[in-house]
Colleague: 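There's a structure below that I have some questions on.
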Amino acid sequence: MKSNILSFSLMALCLLFLSACSSDDGPGTEGPENPDAATEQFVIAGEAATAEQAKTYLFLADKLDEGEITVQGNGYETRGSTMFALNNKAFSFQYNRGDPGFTEVFQLNQKAKLEKVSSFSVKSVNVFLSYKDQEHLLAYNIGRALNTPGSAYWINTETNTVDKDAEFDQKIIYVDGKFIPNYYAFVYSFFEFGDKIYAVYNPRYGGEGEQDPYDYENRAFVSIFDQDMNFEKTISDNRMPFIGRYYNVMGLGQDDNGDIYAFSTGDVESDNNHAAFLRIENEEFDKDYYWDVEEVADGMRIHAGKHLGGDKFILAMVDRDEVKAESEGAKLAIVEAATKEFHWVSGIDDWIAPGTYAFPLFINNGKAYLPLSLEEASVTYLYAIDPDNYIATQGLKLTGIQNISGIGILSNETAE
Amino acid sequence: MNQLQNTNYNKRMTQNDRKTCLILLWGLFLCFAPKNIFAQSSGSLSGIVQNALGEKIPNASILFGNNKYNRYADMEGTFSVKSIPAGTYLISITAVGYEEYLWEVVVKPGQHTEFTAILQQHISELDEVIVSGKSKVQKAREQSYQVSVIDAKQLHNTSLNIAHALDNVPGIRVRESGGLGSDVDFSLNGFTGHQVKFFIDGVPMESMGHAFQINNIPINLAERVEVYKGVVPVDLGSDALGGAINIVTNSGRANYLDASYSYGSFGTHKTSVSLARNFKSGFTLTLDAYQNYSKNNYWVETETPVNKYGKVEKVRTRRFHDRYRNEMVMVGVGVRNRSWADHLIIGMDLGQYARELQNGVTMEDVYGNRESKGVTLLPSIKYLKRDIGLKGLDLNISGNINLGYERVTDTINKQYNWLGEVIRESDSDGAERSRGDNKYRNNSGVVTANLSYRINDKHALVLNNNFTTFKRVNKDLLKETDQFFNRPSSLQKNVLGLSYRYDPSEKWNTSIFGKYFVQHSKSFMNVAMAENPNHDDYDWKSNTFSTYGYGFASSYFIRKNLQLRLSYEHGIRVPTSGELFGNMNTLTGNVDLKPESSENVNIGIMFNPSIKNTHFFTFDAAILYRYSKDFIRTSLTESFATTIQQMVNLRDVDNRGVEGSIRYRYKKQLNVGVNISYQNLINRTKYEGGSNDIVSIVYKDRIPNMPYLFGNADASYAVNRPFGTDGTLTIGYQLHYVHEYYEGWPSLGEESTKITIPTQWNHSASLIYAFKGGKYNLTLEVLNLTDALLYDHFKLQKPSRAFNLKFRYFLFNS
């Protein structure tokens, strides 16, 4: 008996010992800081070029016009997808199919390295608007059914928190002042013009009641809101199809005179499905302005496009024939909407891949940078676009990186 | 004790029992009541082989000295000889792990002799390790396959479920998303999901519903669990890429009652009752019932939004919406030992579950209302006839159909945080994650027919056919979505297998086999592959294909206690209906999918030395090689016109792995074991982005989000008569170890920023007191002894420290 009790005690001791041994590795502490002069770095968010566990990484680069970066052993791994840099902070948003995910906020620390400074929780957001004053970033979650409203969040870039939020009724489809009850706006983008917010969207059938043969996709819609996103009105025009494209803020641009130009990709089956531009003046479509871009672009339609400044837009054009589009790739063009001038961009002879989500245009010191994938799908190049001479110049090479979802600039001037 | 006895338990059958059985089976009796007529010059013989605890011993050899009458007992320990000349016979009965038993029997003309053989356990096999190689006879007869067997009986006093028991097997990792009833990710040598198939008594478990899943089936329901690695025998007819798990239930024992109840932390109650009665008349009744309930309100440490603006704070809190319950009743009634059937059993499984869903894929998504529930309604039939027409030709047929449903509900437009507070709510339609209230009927049926022919001692053939049918009907109870697309998809699959086994000597045996797969499926799908499809883009589409697999397994005993195994299979996994046809939401179909295939090679060695019958060792080591092609993965296909998400044959993977285990036992007192698995899964897809692309940046990189180094250790020490009178007290300790791994591809990104699942040390301990000859058993367990933060997935915490108390009553009546 005694030996049994002894064995027990030994076993018990062993267990205690083992449990006490479980280690707990705390995060390593940073070495002593060696404050440099304020530095500026470009931050680029891109996805690893692989189909599985393709995470988004944040990369730093000194220059955009030359050099190479790779995802191998480099880049801050995040669970985010889209990145916006505002007010010297990089906001990395998660897209979680409707789940609220944490948005991570990064800054450049004194060692000019990325450092996560904060996080906050918003529902998966897929439409963004950087306000011109840099103080707020609007993040929006599209409601994907007739009666499901969208959610809007105003993120304060000083405090890294949401200042206010609002539910947003997407049943805003009106034609000639008449409300169309069974349709809702699948919002693509918001734009800030003066003290108004403009929304472009694809009209979607809500699965109830009367259905239009074209589902109203053969119409260009713009809805106008005040700064707090209170709905004011919807304008529409039947000369071209709906405006914009899912993801990455495209479709509208305002010139120096205050005129707003809108383009449609024309990617619909309808009688009026030409890629074209319309003009909005005084919150109405200008009946005297219509420009059929397809007519001057050798029959190619717009695949994607961004406002460069003034009345200039950069467009990626593709052939209407899908097979031809695939084999020939996209061609870049710069247009001046006011004067209806169309120029092919020179400098890229290679086949350009159909970037779906990747068309973020970054403008710095009067130069525009556009990420493009050419024949090598796992490599992305930043092209510097000269809007006056219509020339694209190959710049930074990003190896193993695709779907660039944001480019910005960070300075550690304000870092603590 | 060590005697053969005439069975007379039937005499104790009460009047009531007779009534019950008559009521239940009167129809069958009327139709088939047999009249046995024996020739005058010969008699007949039947028997049951069991151990001292009354547990049936499967596959025992019954040797008459004359080959003509030699038999193997079936999985339930029974055998019979219909006609044998009158006379005296010396019968030798042997089974793995048991002493040989010799019996002299006198067969009288025109009489039936019935007996029960009670075999004494072989000393060196007593208290066999929890995970052990199969023992000698089985090794010699069939286990040239790379197989691990969990002796579930050794675990009946614990509160483990099947999944947890499997987690102790080298090469297996069971990854859970939370506590009782949570999602389970099973991986076997790097194969996951549909690539590994589960069976219960040889019948595929594929669509038995969530009420009956490996993580809620109590271990008490199983007698043993067989894990086939790399090579799957044809008896388990299914498309498995590199492994199969077969749960063998307790159905063998003649008359027994096994009842247990456990209570544990987080409001956890588990009950399980199994009973079986076999009557002299041949009527047999089995009942297995179990119940699990838990609040799962364990402690978590997490970040959570504390207001509607998403301000994040770190909290330590209890889970608040994670209640899980399920109940299952399985009844089988039938007859045994008829001229037309060795057994015919009709069964009905009834089960249900309800589960609150606490969080999404990470703990950043918290829910307070989402839930799922389901019902399993599974009638089944099992038929076995031995020596059908020819001696040694056995026919085994089983079939079942699941008429149950599952339902997922998410209709409340509120956002919760980890403190259980509503931080955002709205009156408009919405949901916590994705709005819906859908009822799915995944009605599937399966018929398995197995014809085996033991030609003689050296040659045997098995022909197996498995037919599965599946139909999925989805009903939108909210009626909010366009129902035009919502039409049932269906699938039929047939797997035909043939194997030949050659045993040239006691030392060496080899099996070769081939499998032929045919699948036909049909669905209403987005045939135009449109990005945002409308009605015109949809039409019916069907797909049929066939393919085949093959392999061999061989085993050689260098010495009596030293075995070598070599096996190879060209494994096949055919695409599922969902992979072929997509779904009505985000996934577009791809009917051009090829099956996943894999070349699997296993080399194993097992050595069981012992010293002076006091020190016993088992060394078991295996090396494995897999070259797998065309793993089906989700891919976003972009063109200038559309962007569609669909399943594609994307990934080629090779895996060179090693597994080893060492076990030591000192007499019946001390038992210590350790095992370790290392699997090196490497991506072999050289180009992902088409022919013009650069070599993939993850070519030759380790497959992400997959544990690659893990192991287990355990120790137990038994004290006899600890309190001076009766019983055994066993103190046990267990450790699970998983080395840290990355969620993403290891070579990408800066190392210090990578999303990492940290190294896990999971300790647990138990005290088991068994007394009155094992009739009463009392167990105290402490799981997660150190209250560590345990993760199997990034930011998904598993239960904190938990205590369990289990009481088990086991009554066997021979």
Side-chain angles (χ1 to χ4, degrees), chain A residues 1 4 7-8 11 14-15 18-19 22 25 48-53 55 57 71-77 79 96-102 119-123 145 147-149 153 161-165 167 207 215 267 303 318 322 325-326 330 353-356 375-379 399-400, chain B residues 303 305 308-312 360-361 364-365 415 426 428-431 433-435 480-482 534 633-636 638-641 643 650-651 688-690 692-694 696-698 704-705 717 719 722 724 731 733 743-745 747-751 753-755 758 761 763 765 785-786 788:
Chain A
M1 266 319 281
N4 281 345
S7 326
F8 272 145
M11 283 299 272
C14 285
L15 290 176
L18 276 163
S19 60
S22 78
D25 294 328
T50 174
E52 248 177 299
Q53 290 287 352
K55 300 199 179 299
Y57 297 82
V71 65
Q72 281 177 308
N74 177 43
Y76 201 114
E77 190 168 285
R79 291 174 75 90
N96 251 352
R97 292 192 186 183
D99 287 335
F102 288 1
S119 61
F120 57 91
S121 164
V122 296
K123 207 173 167 100
N147 292 317
T148 305
Y153 305 86
T161 54
V162 176
D163 268 358
K164 66 171 181 181
D165 68 325
E167 269 195 353
D215 277 344
D267 190 13
H303 173 62
V318 295
E322 281 177 30
E326 277 302 321
T356 306
E375 278 165 24
E376 298 166 330
S378 303
V379 180
T399 304
Chain B
E303 291 181 314
K308 72 171 195 162
Y309 296 132
K311 182 173 188 277
V312 169
V361 292
E364 291 177 5
D365 316 325
Q415 192 187 330
S426 162
S428 52
D429 283 357
R433 178 162 195 252
S434 142
R435 185 172 170 81
E480 283 176 2
T481 54
D482 188 353
N534 56 38
R633 295 283 189 263
T634 315
S635 168
L636 201 64
E638 295 180 33
S639 73
F640 286 105
T643 300
L650 172 75
R651 185 80 52 218
E688 281 192 32
N692 292 324
D693 199 8
I694 56 167
S696 167
I697 40 157
V698 290
N705 199 21
Y717 185 75
V719 185
I731 176 165
Y733 163 78
E743 191 184 63
W745 292 92
S747 71
L748 306 187
E750 204 181 308
E751 209 180 316
T753 70
K754 288 189 70 65
I755 294 164
W761 294 94
H763 306 265
L785 196 67
T786 59

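What's counted below: heavy atoms across the whole structure, side chains too, no hydrogens, waters or symmetry copies. Chain identifiers are assigned alphabetically (A, B, ...) following the order of the sequence lines, protein sequences preceding nucleic acid strands; residue numbering begins at 1 within each chain.
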Colleague: For each of B/Lys308, B/Glu751, B/Lys311, tally heavy-atom pairs with chain A at distances under 4.5 Å, and name the one with the top tally.
Modeller: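 Maximum pair count with chain A is reached by B/Lys308.
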Colleague: Can you name the closest pair of heavy atoms from A/Glu376 and B/Asn692 and give their distance?
Modeller: CG-O, 3.5 Å
Colleague: Find the distance between CG (A/Asp165) and CG (A/Asp163) and round it off to the nearest 0.5 Å.
Modeller: 10.5 Å
Colleague: With a 4.5 angstrom heavy-atom cut-off, which part of A/Val122 approaches chain B: side chain, backbone, both or neither?
Modeller: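 Nothing of A/Val122, per the 4.5 Å heavy-atom cut-off to chain B.
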Colleague: Would you say the side chain of B/Trp761 lies within less than 4.5 Å of the side chain of B/Thr786, judging by non-hydrogen atoms?
Modeller: no
Colleague: Need one label for A/Ala330: side chain, backbone, both or neither, based on atoms under 4.5 Å from any heavy atom in chain B.
Modeller: both
Colleague: Has the side chain of B/Glu743 got a donor or acceptor atom that lies under 3.5 Å from a matching backbone atom of B/Ile755?
Modeller: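 Not confirmed, B/Glu743 side chain does not pair with B/Ile755 backbone.
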Colleague: Counting only heavy atoms closer than 4.5 Å, note whether B/Gln415 contacts chain A via side chain, backbone, both or neither.
Modeller: side chain
Colleague: Rounded to the nearest 0.5 Å, what separation is found between the CG atom of B/Asp429 and the CZ atom of B/Arg435?
Modeller: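 Result: 4.0 Å between the selected atoms.
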Colleague: With side chains defined as the heavy atoms from C-beta onward, is the minimum distance between A/Tyr153 and A/Val162 less than 4.5 Å?
Modeller: yes
Colleague: Which region of A/Asn147, side chain (C-beta onward) or backbone (N, CA, C, O), has a non-hydrogen atom less than 4.5 Å from a non-hydrogen atom of chain B, or is it both or neither?
Modeller: both
Colleague: Taking side chain as everything from C-beta outward and backbone as N, CA, C, O, which of these in A/Gln72 sits under 4.5 Å from a heavy atom of chain B? Side chain, backbone, both or neither.
Modeller: both
Colleague: Counting only heavy atoms closer than 4.5 Å, note whether A/Ala145 contacts chain B via side chain, backbone, both or neither.
Modeller: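 Looking at A/Ala145, nothing touches chain B.
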Colleague: Ignoring hydrogens and geometry, is there a side-chain-to-backbone donor-acceptor pair from B/Glu688 to A/Ala51 under 3.5 Å?
Modeller: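 The answer is yes, because a donor-acceptor pair under 3.5 Å joins these two groups.
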Colleague: Between A/Glu322 and chain B, with a heavy-atom cut-off of 4.5 Å, which part of the residue counts as in contact: side chain, backbone, both or neither?
Modeller: side chain
Colleague: Among B/Thr634, B/Ile694, B/Asn705, which residue forms the greatest number of heavy-atom pairs with chain A at distances under 4.5 Å?
Modeller: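 Max contact count across the listed options: B/Ile694.
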Colleague: Which answer fits B/Leu748, side chain, backbone, both or neither, if we ask what part of it has an atom under 4.5 Å from a heavy atom of chain A?
Modeller: both
Colleague: Please look at A/Tyr57 and chain B and tell me whether the side chain, the backbone, both or neither of the residue comes under 4.5 angstrom of a heavy atom of that chain.
Modeller: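 For A/Tyr57, the side chain is the part near chain B, not the backbone.
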Colleague: Between A/Ser378 and B/Ser696, is there a donor-acceptor pair closer than 3.5 Å when you use the side chain of the first and the backbone of the second?
Modeller: no
